[in-house]
Amino acid sequence: MKAKIKYWIRDAMRPLIIRPYPNAGGMDYVDPKKKSNFVGKIVLAAALTALCILMLKQSSTFRSPSPFSQRDTGVTHVLVTGGAGYIGSHAALRLLKDSHRVTIVDNLSRGNIGAVRVLETLFPQHGRLQFIYADLGDAKAVNKIFSENAFDAVIHFAAVAYVGESTLDPLKYYHNITSNTLVVLEAMAAHGVQTLIYSSTCATYGEPEKMPITEQTPQLPINPYGKAKKMSEDIILDFHKNSDMAVMILRYFNVIGSDPEGRLGEAPRPELREHGRISGACFDAARGITPGLKVRGTDYKTADGTCIRDYIDVSDLVDAHVRALEKAKPGKVGIYNVGTGKGRSVNEFVEACKKATGVEIKVDFLPRRPGDYAEVFSDPTKIRDELNWTARYTNLQESLEIAWRWQKSHRDGYGSPS
């Protein structure tokens with residue numbers, strides 16, 4: 001095609017010879033047929049020139065550089081892996097509100113494109129937010145993303161995150177969590193991205209003998225989810241020994257709640273309801289999607305026989321990530337528990353959920369779930385002292401009421417907001 005265009009232009013621009021013809025007055029004139037041919041060639045040349053310019057403009061070498069591919073003074077460009085998911089989308093919202101530039105990478109296996117659309121609507125300005133559909137297990141794709149974007153930091157949320165599912169399909173968890181984290185870390189090292197905020201979990205501690213859990217509590221995970229996360233932490237820490245990277249590892253507890261302004265919420269895939277968070281199970285029962293709530297395990301060594309957990313509101317959790325990003329220092333590692341410091345039993349949670357929804361939820365008591373532990377809650381002293389962070393949304397019922405409002409107005413998740 002390019003060769004043909006070259007010859008067309010050459011022929012069109014070839015000099016036109018105008019031969020005079022004698023007439024009665026001895027004056028020259030142009031043959032009308034020649035004149036018509038001359039005009040036609042000029043029109044053709046102009047059209048082909050316009051076509052060439054259009055093709056050049058569409059080529060990657062002619063386009064102006066994307067704002068995401070260059071660094072701007074005073075603007076922090078954050079890659080949010082798993083940014084279409086429940087926690088990741090809330091974090092992206094906060095980062096955008098704080099005037100950061102955000103790139104979301106997600107393969108939508110657990111995330112929801114509807115959450116991305118909400119963010120795009122809220123922040124439509126050029127150069128604020130971009131979404132890239134990609135799988136972090138594809139090293140070639142990940143390397144391409146890093147080569148085409150000027151990231152200042154990575155917040156790595158992307159991960160499958162259900163304890164019960166991890167016991168049924170452990171290989172999925174080791175691939176998705178451990179292997180993918182290695183791919184991200186390698187890409188960061190290759191492209192000089194020097195700040196990593198890693199989303200970890202209290203599941204790395206397993207079932208400690210003493211409560212509350214501090215950052216010095218031995219990590220003895222008892223399920224593949226916790227083991228895969230601990231392996232990822234070990235990889236990051238080993239790499240850091242010979243690196244100037246700034247690393248923050250946040251081990252957080254049981255996440256609940258949603259955006260107080262009702263823009264984002266939790267919308268897990270229907271097929272994963274059985275493995276999901278207890279808050280989602282409570283809401284499904286309250287909405288009649290499921291016939292009741294299944295409470296697994298009533299024979300634990302706790303006051304009422306049900307598990308005890310530390311429930312952290314997603315807004316507080318996101319705030320902890322922002323503080324970690326602000327406080328990250330080259331060559332340093334920070335490891336922090338993110339929780340309220342207070343444990344609540346599953347029975348207490350169910351009663352709070354009943355009050356929040358106004359529904360008398362039917363409860364079925366079942367045997368323990370494999371991989372679960374009796375009691376887990378945090379000691380948040382270190383994150384308070386070093387990052388000046390403290391959980392603010394600690395009223396369990398109020399957090400559930402906020403989440404319930406979103407659930408009621410989004411009965412089909414992000415698919416059909418009312």
Side-chain angles (χ1 to χ4, degrees), residues 66-106 108 110-134 136 145-146 148-159 184 187-188 193-200 245-250 252 255 257-266 312-329 334 336 338 383 387-389 391-393 414:
S66 161
F68 296 94
S69 67
Q70 51 193 346
R71 287 185 167 83
D72 292 336
T73 304
V75 177
T76 303
H77 184 183
V78 184
L79 168 60
V80 181
T81 71
Y86 169 43
I87 300 170
S89 61
H90 282 76
L93 174 60
R94 171 63 186 275
L95 291 168
L96 288 163
K97 287 175 65 178
D98 288 355
S99 299
H100 295 305
R101 178 173 290 157
V102 174
T103 292
I104 290 174
V105 172
D106 202 304
L108 302 179
R110 297 291 165 95
N112 197 309
I113 193 62
V116 178
R117 297 289 176 257
V118 169
L119 295 171
E120 289 174 335
T121 300
L122 292 170
F123 301 93
Q125 301 88 354
H126 183 58
R128 295 300 313 284
L129 169 67
Q130 70 169 336
F131 170 73
I132 300 174
Y133 176 84
L136 296 181
I145 290 168
F146 274 81
E148 295 177 351
N149 292 276
F151 299 125
D152 297 298
V154 175
I155 302 183
H156 183 30
F157 290 106
V184 171
M188 291 180 68
V193 182
Q194 291 295 308
T195 301
L196 172 64
I197 314 300
Y198 182 63
S199 166
S200 193
M245 187 177 290
V247 173
M248 293 290 208
I249 296 173
L250 303 185
Y252 39 88
V255 189
S258 66
D259 169 42
E261 295 183 42
R263 296 163 295 188
L264 298 171
E266 183 179 12
I312 178 76
D313 191 285
V314 68
S315 294
D316 282 329
L317 181 60
V318 165
D319 188 56
H321 284 80
V322 171
R323 296 292 180 90
L325 181 61
E326 293 171 348
K327 298 288 188 178
K329 295 180 180 179
Y336 302 97
V338 188
I383 192 170
L387 302 189
N388 193 29
W389 177 91
R392 295 178 296 162
Y393 301 95
Y414 286 100

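Just so it is clear, the model here is predicted, and its values are computed rather than measured. Keep in mind that the numbers below use all heavy atoms, side chains included, and drop hydrogens, waters and symmetry copies.
No side-chain donor-acceptor contact under 3.5 Å links Asp313 to the backbone of Gly257. Side-chain N or O atoms of Trp389 include none that pairs as donor or acceptor with a backbone N or O of His321 at under 3.5 Å. For the pair His90 (side chain) and Ser258 (backbone), a donor-acceptor distance under 3.5 Å is absent. Side chain of Arg263 to backbone of Val118: no donor-acceptor contact under 3.5 angstrom is found. The closest donor-acceptor contact from the side chain of Asp106 to the backbone of Ala84 lies under 3.5 Å. Within the 3.5 Å criterion, the main-chain N or O of Gly265 finds a donor-acceptor partner in the side chain of Tyr414. Put simply, the side chain of Asn149 never gets that close to the backbone of Phe151: no donor and acceptor are under 3.5 Å apart. Checked by atom type and distance alone, the side chain of Thr81 pairs as donor or acceptor with a backbone atom of Phe157 at under 3.5 Å. No donor-acceptor pair closer than 3.5 Å links the side chain of Asp98 to the backbone N or O of His100.
The shortest side-chain heavy-atom distance between Leu79 and Phe146 falls under the 4.5 Å cut-off. Between His156 and Leu136 there is a side-chain heavy-atom pair separated by less than 4.5 Å.
Residue Ile383 comes nearest to Tyr336 through the heavy atom pair CA-CD2, 3.7 Å, listed as atom of the first residue, atom of the second, then distance. Counting all heavy atoms, side chain and backbone alike, Leu325 lies closest to Ala153 at CD1-CB, 3.7 Å. Nearest heavy atoms, Arg128 versus Ser99: NH2-CA, 3.6 Å. Counting all heavy atoms, side chain and backbone alike, Thr195 lies closest to Ala328 at CG2-CB, 3.9 Å. Across all non-hydrogen atoms, the minimal contact from Ile104 to Ala92 is CD1-CB, 4.1 Å.
With values rounded to the nearest 0.5 angstrom, Leu264 atom CG is found 12.5 Å from Ile87 atom CD1. If you take CD on Gln130 and CZ on Arg101, they are separated by 9.5 Å, rounding to the nearest 0.5 Å. The OH atom of Tyr86 sits 8.5 Å away from atom CG of Leu317, with the distance rounded to the nearest 0.5 Å. Summarising the geometry, atom CG belonging to Leu96 is positioned 6.0 Å from atom CG belonging to Leu119; distances are rounded to the nearest 0.5 Å. In this structure, CZ in Arg323 is found 12.5 Å from CG in Leu250, a value given to the nearest 0.5 Å. Here the straight-line distance linking atom CG of Asn112 with atom CD of Glu266 works out to 11.5 Å at 0.5 Å rounding.
A donor-acceptor contact closer than 3.5 angstrom links the side chains of His77 and Thr103.
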TODO: Check step by step if side chain to side chain contact (heavy atoms under 4.5 Å, CB included) holds for Val184 and Val154.
DONE: CA-CA 9 Å; Val184 171; Val154 175; 4.2 Å; yes
TODO: Tell me, with the steps shown, if Val318 and Leu93 meet side chain to side chain contact (heavy atoms under 4.5 Å, CB included).
DONE: CA-CA 9 Å; Val318 165; Leu93 174 60; over 6 Å; no
Open item on the list: One pair to check against side chain to side chain contact (heavy atoms under 4.5 Å, CB included): Glu148 and Phe68. What are the steps and the verdict?
Closed with: CA-CA 8 Å; Glu148 295 177 351; Phe68 296 94; over 6 Å; no
TODO: Evaluate side chain to side chain contact (heavy atoms under 4.5 Å, CB included) for Arg94 paired with Asp319, printing each intermediate quantity in order.
DONE: CA-CA 8 Å; Arg94 171 63 186 275; Asp319 188 56; 3.1 Å; yes
